[in-house]
Amino acid sequence: MLDIQFIRDNAELVQEKSRQKGYDVKVTDLLKLDEERRNLQGKIESLRAERNQIADALKGGNPSEDQIKRGREVKEQVAQAEALLDPVEASFLALLKKVPNMPLDDVPVGASEDENVVAKTVGEPTQFDFEPKHDYQLGEAKDLIDKERAAKVAGSRFAYIKGDLVRLQFAIIQFVLQELGDEAVIKRLVEENNLQLSTKPFTPVLPPALLRTEPYVASARLDAEEVTYKIEQDDLWLNASAEHTLCTMYWNEILPEEALPIRYIGYSTSFRREAGSYGKDVEGIFRMHQFDKLEMEVFSTSESGLDEHKLMVAIQEYLMQQLQLPYQLIKKCTADIGKPNATGVDINCWFPGQQQYRETHTADYMTDFQARDLKIRARRTSGELDPVHTNDATAFALGRILKAIIENYQNQDGSIRVPTVLKSFMGGAETI
RNA sequence: GGAAGGGUGUCCGAGUGGUUGAAGGAAACGGUCUUGAAAACCGUCGUGCCGGCAACGGUACCGUGGGUUCGAAUCCCACCCCUUCCGCCA
């Protein structure tokens with residue numbers, strides 16, 4: 001959530017920026033409730049002070065009938081005042097939670113994803129002297145993807161990924177862990193982008209794939225039950241991304257400033273109900289109920305949060321360039337960055353089967369919005385406590401990136417070339 | 001699934017209904033000592049909210065939510081979570 005003090009001090013700005021994000025919150029209503037709440041709270045607190053004084057005076061026991069009577073009266077008054085405050089407090093909190101994070105000033109203002117801005121295009125759409133095929137055509141022909149049998153067993157939007165395609169996935173994982181675990185790579189990207197950052201490499205993490213409601217809600221990421229699977233029996237949700245179980249890792253903790261930045265590269269299977277997207281992308285492995293993902297998560301100080309975001313985008317581009325995949329860098333507009341985000345970038349990779357750029361990566365910078373709810377704070381060397389800043393970003397969503405490789409690296413005979421940087425992890429194989 | 005034990009501050013850990021925002025220890029910070037460091041010694045040291053320019057004052061918080069009481073970390077009820085043992089299983 002946003003800092004209420006910030007909202008009090010910047011009511012008009014908050015109203016305007018919320019509107020830009022498509023959240024029609026009534027800031028004046030919120031502030032009215034805030035004032036009401038503070039008034040009631042003041043009254044309750046002075047009544048409580050009186051109650052405490054009475055109790056204090058009676059320390060040691062043997063109170064008289066009169067004293068007990070007076071104590072009871074004040075107690076009754078406190079209860080009445082609290083009963084008035086409770087609903088006000090509840091509506092105040094509900095409204096406060098509706099306020100989205102403020103977009104940074106350079107986020108393009110737009111009403112829908114159509115107004116996202118292409119910041120740059122790297123590489124050219126892959127050229128073929130034959131009609132390029134889709135992932136499912138190539139994958140099914142070579143028995144690398146079997147969705148039909150998966151549908152029999154698990155339903156639509158599931159697949160058996162097989163054979164060399166599995167080896168390719170593990171090659172990508174190995175490659176990413178190698179690059180992100182290499183301080184020299186991080187250092188180069190930090191320097192090339194003029195970032196004031198530590199060169200600390202990313203620590204690989206295998207997080208749990210399920211999480212409980214309470215931390216999930218606190219992460220501000222459980223906004224739509226349509227996208228997330230719930231295990232009713234056990235109050236557990238299947239994570240829709242490793243970021244959900246990574247950002248909640250330090251829930252309710254105070255981290256020493258010296259520990260920051262904390263940089264993780266998580267690997268987890270991700271589950272999505274895709275309830276709102278019936279009929280969309282039903283072919284191939286672009287939009288699945290289950291896919292594996294390598295996800296970066298960084299906890300940092302407030303000063304370095306934005307640079308950490310830039311570093312993560314630089315890493316995404318670096319990885320795409322290493323795989324020599326053509327892509328566009330998309331600056332998401334206010335309507336598309338999402339409620340907890342201050343800024344957001346997508347990478348859309350070129351898919352020859354569809355002849356278009358489609359989203360394969362996203363990078364989210366939440367400033368302190370997420371950490372305030374998660375109560376993750378940094379103990380600064382000055383002794384102050386400060387919510388940390390959080391960033392998450394896709395390294396690779398394996399389903400989509402496998403599809404991108406299959407389609408961009410296809411030969412006319414249906415074989416698929418192995419990207420150069422992955423060959424060493426594929427036993428030197430040239431094609432699959 | 002069966003049984004037991006626990007959730008207290010940055011961490012460990014004590015806590016008899018009022019003198020407890022909470023002993024003691026560790027860590028951290030400041031200092032004394034030292035050529036320097038360590039050790040030793042002295043001091044400081046929870047968080048949120050409200051009010052105040054501030055010093056500070058008020059209030060809440062001992063897993064969560066209720067209850068009893070003039071007064072609850074402490075008593076009662078419900079729930080959540082963790083650990084250990086047995087069973088089952090990878």
Side-chain angles (χ1 to χ4, degrees), chain A residues 1-9 30-97 99 206-219 222 230-237 245 248-260 262 269 299 301 368-388:
Chain A
M1 63 174 84
L2 216 53
D3 182 4
I4 182 63
Q5 191 59 51
F6 178 85
I7 300 175
R8 285 179 199 139
D9 296 341
L30 175 65
L31 291 179
K32 212 149 76 184
L33 281 169
D34 180 41
E35 204 181 315
E36 208 178 319
R37 167 180 151 266
R38 281 197 279 175
N39 279 336
L40 286 168
Q41 204 172 56
K43 282 180 193 150
I44 288 172
E45 284 183 6
S46 37
L47 281 170
R48 280 178 184 157
E50 197 181 335
R51 182 194 63 189
N52 291 345
Q53 276 167 21
I54 293 169
D56 228 34
L58 300 184
K59 264 179 205 169
N62 289 328
S64 71
E65 283 298 312
D66 272 4
Q67 288 170 315
I68 288 176
K69 194 169 160 233
R70 210 176 133 231
R72 285 204 181 120
E73 277 165 15
V74 176
K75 186 165 71 164
E76 183 56 33
Q77 287 175 317
V78 170
Q80 279 173 13
E82 283 173 345
L84 284 176
L85 176 64
D86 283 349
V88 174
E89 186 80 42
S91 351
F92 166 76
L93 255 177
L95 213 50
L96 178 60
K97 286 191 175 186
V99 181
L206 289 173
L210 282 72
L211 72 162
R212 296 190 289 109
T213 303
E214 202 186 349
Y216 210 167
V217 167
S219 76
L222 183 61
K230 174 84 198 278
I231 300 175
E232 284 296 341
Q233 204 182 355
D234 287 306
D235 181 36
L236 285 170
W237 302 78
T245 40
T248 44
M249 214 173 155
Y250 295 107
W251 181 40
N252 284 329
E253 290 193 36
I254 294 172
L255 305 168
E257 180 173 356
E258 307 85 74
L260 303 175
I262 294 172
T269 302
F299 304 87
T301 60
D368 61 2
F369 190 89
Q370 190 178 44
R372 186 168 291 109
D373 273 8
L374 283 169
K375 297 198 181 73
I376 304 175
R377 291 170 293 176
R379 169 80 63 192
R380 308 306 296 262
T381 42
S382 63
E384 303 274 299
L385 281 177
D386 215 11
V388 299

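By convention in this document, chain letters (A, B, ...) are assigned in the order of the sequence lines, proteins followed by strands, and residues within each chain are numbered from 1. Values in this document were obtained by computation on a predicted structure and should not be read as measured data. The figures that follow rest on heavy atoms only: side chains count, while hydrogens, waters and symmetry mates do not.
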Atom [atom1], compared across [N] and [M]: separation rounded to whole Å:
N	M	atom1	answer
B:G21	B:U47	C1'	11 Å
B:A22	B:C45	C1'	14 Å
B:A73	B:U68	P	16 Å
B:A26	B:A78	P	41 Å
B:U19	B:A60	P	14 Å
B:G18	B:C76	P	15 Å
B:C41	B:G48	C1'	36 Å
B:C56	B:A40	P	32 Å

To the nearest Å, give me how far apart [atom1] ([X]) and [atom2] ([N]) are.
X	N	atom1	atom2	value
A:D234	B:C82	CG	P	11 Å
A:K375	B:G9	NZ	P	14 Å
A:I254	B:G9	CD1	C1'	9 Å
A:R70	B:G71	CZ	P	13 Å
A:E257	B:C29	CD	C1'	14 Å
A:E73	B:C70	CD	P	12 Å
A:K43	B:C49	NZ	P	22 Å
A:M1	B:G48	CE	P	14 Å

Which pairs, protein N/O on one side and nucleotides 58-69 of chain B N/O on the other, fall under 3.5 Å?
residue: B:G58; atom: N2; partner: A:E45; partner atom: OE1; Å: 2.9
residue: B:U59; atom: OP1; partner: A:N52; partner atom: ND2; Å: 3.2
residue: B:U59; atom: O2'; partner: A:R48; partner atom: NH1; Å: 3.2
residue: B:A60; atom: OP1; partner: A:R51; partner atom: NH2; Å: 2.8
residue: B:A60; atom: OP2; partner: A:N52; partner atom: ND2; Å: 3.4

key: A:R37, CZ: over 12 other non-hydrogen atoms inside 6.0 angstrom   =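 Above 12, so yes.
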
So how far is it from [X] [atom1] to [Y] [atom2], rounded to the nearest 0.5 Å?
X	Y	atom1	atom2	answer
A:L31	A:F92	CG	CZ	8.5 Å
A:E257	A:E384	CD	CD	11.0 Å
A:W251	A:E214	CH2	CD	3.5 Å

Indicate the atoms forming the closest heavy-atom contact of [X] with [Y], along with that distance.
X	Y	answer
A:T245	A:P207	OG1-CB, 3.6 Å
A:L211	A:T248	CD1-OG1, 4.2 Å
A:L255	A:I262	CD1-CD1, 4.0 Å

request  = Consider the side chain of A:R377, meaning its heavy atoms from C-beta on, and name the nucleotide among B:C50, B:G48, B:C70 that approaches it most closely.
outcome  =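 Nucleotide nearest to A:R377's side chain: B:G48.
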
task = Name all residues meeting the side-chain contact (heavy atoms from CB on, under 4.5 Å) criterion together with A:Q80; count only those two or more places apart in sequence or in a different chain, and write none if there are none.
result =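 A:Q80: side-chain contact (heavy atoms from CB on, under 4.5 Å) contacts with A:E76.
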
ask   = Per the side-chain contact (heavy atoms from CB on, under 4.5 Å) rule, which among A:E82, A:Q77, A:K75 passes with A:R48?
value =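 Among the candidates, only A:E82 passes.
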
message = Would you say A:Q5 and A:R8 are linked by a side-chain donor-acceptor pair, where the criterion is simply a distance under 3.5 Å?
response =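 Checked: A:R8/A:Q5 side chains pair up, N/O donor to acceptor below 3.5 Å.
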
request  = Let me know, please, whether A:E214 or A:A55 comes out on the 5' side of the other along RNA chain B by nearest nucleotide.
outcome  =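 Closer to the 5' end of RNA chain B: A:A55.
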
inquiry  = Taking the nucleotide of RNA chain B with the nearest heavy atom to each, does A:K69 or A:R379 sit closer to the 5' end?
reply    =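 The residue whose closest nucleotide sits nearer the 5' end is A:R379.
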
inquiry  = According to salt bridge (Lys or Arg N to Asp or Glu O under 4.0 Å), who are the partners of A:D368, at least two apart in sequence or on a separate chain?
reply    =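 Partners of A:D368 under the salt bridge (Lys or Arg N to Asp or Glu O under 4.0 Å) test: A:R372.
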
ask   = Who passes salt bridge (Lys or Arg N to Asp or Glu O under 4.0 Å) against A:R51, sequence neighbours left out?
value =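 Applying salt bridge (Lys or Arg N to Asp or Glu O under 4.0 Å) to A:R51 gives none.
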
task = Note every stem involving RNA chain B: at least three consecutive Watson-Crick or G-U wobble pairs, i with j then i+1 with j-1, with both distances under 3.5 Å.
result =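 B:1-7 with B:80-86, B:10-12 with B:24-26, B:28-32 with B:40-44, B:46-51 with B:56-61, B:63-67 with B:75-79 - these are the stems of 3 or more pairs that involve RNA chain B.
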
key: Trace of the side chain to side chain contact (heavy atoms under 4.5 Å, CB included) decision for A:L385 with A:I254   = CA-CA 8 Å; A:L385 281 177; A:I254 294 172; 3.7 Å; yes

Output one line per pair: protein atom, nucleotide atom from nucleotides 51-53 of chain B, and distance, for all N/O pairs under 3.5 Å.
residue: B:G51; atom: OP1; partner: A:R38; partner atom: NH1; Å: 2.6

